[in-house]
Undergrad: 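Mind looking over this structure? Questions follow.
Throughout, protein chains are lettered first and strands after them, A, B, ... in sequence-line order, and every chain is numbered starting at 1. If you're wondering where the values come from, they're calculated on a predicted model, not measured in any experiment. Basis for what follows: all heavy atoms, side chains included, without hydrogens, waters or symmetry-related copies.
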Amino acid sequence: MSDTNYLNVDYGIRSWLLTVDHKRIALLYLGSITVMFFLGGVFALMIRLELLTPAADVVQADTYNKLFTMHGIIMVFFFLIPSIPATLGNFLVPMMIGARDLAFPRLNLASWYIFLVGALFTLWAVFTGGVDTGWTFYTPYSTVGANTKVIPAAVGIFINGFSSILTGLNFIVTIHRMRAPGLTWFRLPLFIWATYATSVIFILGTPVIAITLALVGVERAFHIGIFDPAIGGDPILFQHLFWFYSHPAVYIMILPSMGVVSELITCFARKSPFGYSFIAISSLAIAFLGFLVWGHHMFVSGQSAYASLIFSFLSFAVAIPSAVKVFNWTATLYRGSIAFQAPMLYALGFIGLFTIGGLTGLFLASLGLDVHVHDTYFVVAHFHYIMVGGALMGYLGGIHFWWPKITGRMYPETLSKIAALVVFLGFNLTFFPQFILGYLGMPRRYHVYPDEFQVLNVMSTAGASVLGLGYLLPMGYLLWSLRYGARAPANPWQATGLEWQTPSPPPTENFVVTPIVTGPAYCYAGEEAEVV
Amino acid sequence: MSDHVGTLPAATAHQFDDAVQQRDASGLGMWVFLVTEILFFGGLFTIYTVYRSLYPEAFGHASGTLDITLGAVNTAVLIGSSLTMALAVHTAQVSRNRRLVALFLCATIVLGGVFLGIKGVEYAQKFHEHHVPGPSFHYSGADAQHAELFFCLYFLMTGLHALHMVIGVGLLSVLAVMALRGRFGPSYYTPVELTGLYWHFVDIVWIFLFPLLYLVERHS
C-alpha cells in the first residue's frame, strides 16, 4: 500500500520518543499505563490470594499493608486517572473536533515524560521496600508512623500531577480554540463534553493534592507539626485537602468513561442520543458538584455534624446529573436498532455496574448508614463498581471501538464478545460478595478475618481470577490483531463523528481536507434525514 | 524568506490555521495555567488561614518578628517591576524599538533580582535568629510549637513565591535576548505578553502574602 499514515510514516525509535503527534503520544501512554495496570493487577491478585483463607498464610500484616497501598497508588494515579484522557482523549480530541493536533503538541509530549518520571519515582518506592500508608496517605501515620518509602511515592504522585494538569490544559485550549468550521459547542460529540469536564477537574483539583503531598513530605522530613496533632498540627485538615482533590478524582475516572459510553450507545443503537444537551451539561454539573462533596469521606473523622449534613445533601445532589445520564442512555436504547458488538457489551455492562455503584454511593452518603459500613468491604465494593465496573469497562469498550481507527486493524469479534462477558461475570463475582461482606461487618485493610466470612471471600477470589483472565484476553488478541487482524475500513461501524471520516489509521495531519460541520452530532440513518 | 525576521510573526505552528488562532490559543493556555497556579497557592493559603484562626496568638507573635520595612520595600519593588513589565509588553505591541523592549525587560529582571536579594537578606536574618523550622529552631515567645508552624508556612509560601520569581527572571532573560535580536514587534509579541501575565500573577500573589504574613493582627 502506498498511502502513508501516522504509524508507517516513520519507524525509528526517535520518531516515537520525540514525536509531537497526539496519536503517537496516545499510544505511548497506552503502552505505559498498560504496564502499570498489570503491575497493579498483580498486587490485586496477591491481595485476593491472601484473603482466600481466614488466616495469614501468604503474607503477613506488614506486607499486606504494602500490597493494598501499592495496588491503590498504581491503579488510581498511574492507571485510572490517565487512562481514558491520556490515551483515547489524546487520540480523539483533535480528531473529533476536526483539528490537526492538540493546541500544544510539545507540551503534550512533555506530559508523557513527566508521567514517566513520576511513575519511575513511584516504582522506585514500590521495588525498594514499598509503602504501607494506604493510597490515602492519612496523617499522622504517613508523616511520623510509617517506616516505608512514603516520600518517593509522594514525589512520584506530585510529579505525575503536572502531567495531568498539562493534559487538561491542552484539552481545554484545544476544545475552545481549534474546533472545525461549523462545529459549535452543541454539535460536539458527547465524549468531548465529558473530556472537557474532566479537564476542568484536572486543572482545579490536581494542584491541591500536589501541595498537600508536598506538605506531607515536609512534615515527614523536618518534623514540623503541620498535620501531626502530637506536634501541633491538624490531621483532619489533611483529610479535607486530600479529599478536595481525591473525590473529584473519582469523576476524573468516571466522566471520560461516560463520554465513551455515550458514543457507543448512540452508535450501536443507531440513534441520536435522547436529550443530547442534558447529557452534555450533566458532565459539567458532575464536575462542578463533584468539588463540593469531599466531606462525605469524613463522616466519622470528627468533622462537625453540620458539615456532615451539608456534605450528605450535596452528595445526594450528585446523583441527579449521574442519573440524568443513565436515564438518557436507557431512553436512547429504547426502540433503537441495537447491535451487540463487543464495545456495546462493555457499554451495557457499564450502565448496569455504574448504576449499582452509584446507588450504593447513596447508601454511603447517608449519615446513619455510613457509620455502619464505613471502612468496610461495602465501601471497597462500592468504589470498585465505579472505578472498575464503570471506568474500566468504559475504557475497554472505547479501546475496542476505536481500535480499528487507532491501528487500522479489526479485533476478533467473537473472542472480544467472550472477553467482555468474562470481564462482566468475573467482576460481579469478585465484588458483589464484598457488598455483603461489608454489610456483615468485615473491615477493609485486614489480612485476616473470622471464619464465617470465608465463603464470600472464596467467591471473591475466584471472581478475581476470572476477571484477571478477562483482562489478559484482550491483551492477547489485541496484540494478535496488530499483525493478523482484518484491515479496517475508514468507518467500520458506520458511526457518525469526524474521526470516522478519515482513513484508518489516519494520516499524521488527521484530515486530508479540514472538515466543515453543518449539522448536529449523531445523525444516524433512519432518523430525521438531515444532510451532514 | 525575508531578511527582516524581526518584522515578521514567527511561523504559525502546523496545528493552527493562522497566527490569530495561535495567539488566542497561547493566551488561553496561559490563563488556564494561572488558574491552576491559583489553586496551587490556594492550598497553602487555606492551610495558613485555618491555622491562623486556630492559633491567633502564636501566629500574631511570630508574625511580629518579621521585618515590615524590608517587606514593604519589597512590595514596592515588585509593583515597580510589574510597571516595567507592562511597559515592555506595551512597547512590543506598539513599536519596533527592540532596544526599548529589551531595556524594560532588563529593568524587570533587575527589580526581580532586588526582590530576591532582599528576600535572601530576610531569610538570612531568620537563620541567625534560629527561626527556621527544624532541629535548630529556637523561639523565646509563648507557644513555640505553633510559632514554628507559622515560620514553616512563612518559608513555604514565600519560598514557593520566590521559586516562581526565579522562573520568571529566567523567562525574562530569554525574552530580553530575543528582544535584542528583534524577534518582537507589533505583529508578534505573544511571549512577552504571556510572560507579562505570569509576572503580574506572581506579583499579585505577593500582594496577598505581604499583608497576611507581615501585617494582619501583628503582635510584637
Undergrad: Does any backbone or side-chain atom of A:Ile211 lie under 4.5 Å from a heavy atom of chain B? Answer side chain, backbone, both or neither.
TA: both

Undergrad: Considering all heavy atoms of both residues, which atom of B:Leu39 and which atom of A:Pro207 are nearest to each other, and what is their separation?
TA: CB-CG, 3.5 Å

Undergrad: Mind checking the CG-CG spacing from A:Leu237 to B:Leu54? Nearest 0.5 Å is all I need.
TA: 8.5 Å

Undergrad: Which bit of A:Ile231 is near chain B, if near means a heavy-atom gap under 4.5 Å: side chain, backbone, both or neither?
TA: both

Undergrad: Would you say B:His90 has more than 12 foreign heavy atoms packed within less than 6.0 Å of its NE2?
TA: no

Undergrad: Chain B heavy atoms under 4.5 Å from A:Leu102: which part of the residue, side chain, backbone, both or neither?
TA: backbone

Undergrad: Pick from B:Ile47, B:Leu160, B:Val35, B:Asp143: which one has the most heavy-atom pairs with chain A under 4.5 Å?
TA: B:Ile47

Undergrad: Taking A:Leu166, A:Thr206, A:Thr514, A:Asp234 one by one, which has the highest count of heavy-atom pairs under 4.5 Å against chain B?
TA: A:Asp234

Undergrad: Roughly how far, to the nearest 0.5 Å, is the NE2 atom of A:His223 from the SG atom of B:Cys152?
TA: 13.0 Å

Undergrad: Measuring heavy-atom distances to chain A, does B:Phe151 have an atom under 4.5 Å in its side chain, in its backbone, in both, or in neither?
TA: neither

Undergrad: Rounded to the nearest 0.5 Å, how far does CZ of B:Phe33 lie from CD1 of A:Ile165?
TA: 8.0 Å

Undergrad: Heavy-atom count check: over 12 atoms from other residues, nucleotides or ligands less than 6.0 Å from B:Trp31 CH2?
TA: no

Undergrad: Is the count of non-hydrogen atoms from other residues, nucleotides or ligands lying under 6.0 Å from A:Phe288 atom CZ greater than 12?
TA: no

Undergrad: Side chain, backbone, both or neither: which part of A:Phe202 has a non-hydrogen atom closer than 4.5 Å to chain B?
TA: neither

Undergrad: I'd like to know whether CZ of B:Phe208 has more than 12 heavy-atom contacts from other residues, nucleotides or ligands below 6.0 angstrom.
TA: no

Undergrad: Chain B heavy atoms under 4.5 Å from A:Ile203: which part of the residue, side chain, backbone, both or neither?
TA: both

Undergrad: Could you walk me through whether A:Ile224 and B:Phe137 satisfy the side-chain contact (heavy atoms from CB on, under 4.5 Å) test, starting with their C-alpha distance in whole Å, then the side-chain angles of each, then the deciding distance to 0.1 Å, before giving a yes or no?
TA: CA-CA 10 Å; A:Ile224 296 154; B:Phe137 181 78; over 6 Å; no

Undergrad: Between B:Gln15 and A:Met178, which heavy-atom pair has the shortest distance, and what is it?
TA: O-CE, 3.1 Å

Undergrad: Is B:Val32 close to chain A through its backbone or its side chain, or both, or neither, when contacts mean heavy atoms under 4.5 Å?
TA: both

Undergrad: Around atom CZ of B:Phe201, are there more than 12 heavy atoms of other residues, nucleotides or ligands at under 6.0 Å?
TA: yes

Undergrad: Which heavy atom of B:His14 sits nearest to which heavy atom of A:Pro105, and what is that distance?
TA: NE2-CG, 4.4 Å

Undergrad: Out of A:Thr174, A:Leu215, A:Leu241, which one racks up the most heavy-atom pairs below 4.5 Å with chain B?
TA: A:Leu215

Undergrad: Can you tell which part of A:Ala99 gets under 4.5 Å to a heavy atom of chain B, answering side chain, backbone, both or neither?
TA: neither

Undergrad: Determine the interplanar angle of the A:Phe162 and B:Phe40 rings, folded into 0 to 90°, and report it as parallel if under 30°, tilted if 30 to 60°, perpendicular if over 60°.
TA: perpendicular

Undergrad: On a heavy-atom basis, which atom in A:Gly232 and which in B:Leu149 lie closest, and how many Å separate them?
TA: O-CD2, 4.1 Å

Undergrad: Decide yes or no on side-chain contact (heavy atoms from CB on, under 4.5 Å) for B:Thr36 and A:Leu169, but give the supporting numbers first.
TA: CA-CA 9 Å; B:Thr36 282; A:Leu169 185 150; 5.8 Å; no

Undergrad: Around B:Glu217, counting heavy atoms of other residues, nucleotides and ligands shown, do more than 12 lie under 6.0 Å from its CD?
TA: no

Undergrad: Which one, B:Gly43, B:Pro133, B:Gly29, leads in non-hydrogen pairs under 4.5 Å with chain A?
TA: B:Gly29

Undergrad: NE2 of A:His176 to CG of B:Leu28: how many Å apart, nearest 0.5 Å?
TA: 6.0 Å

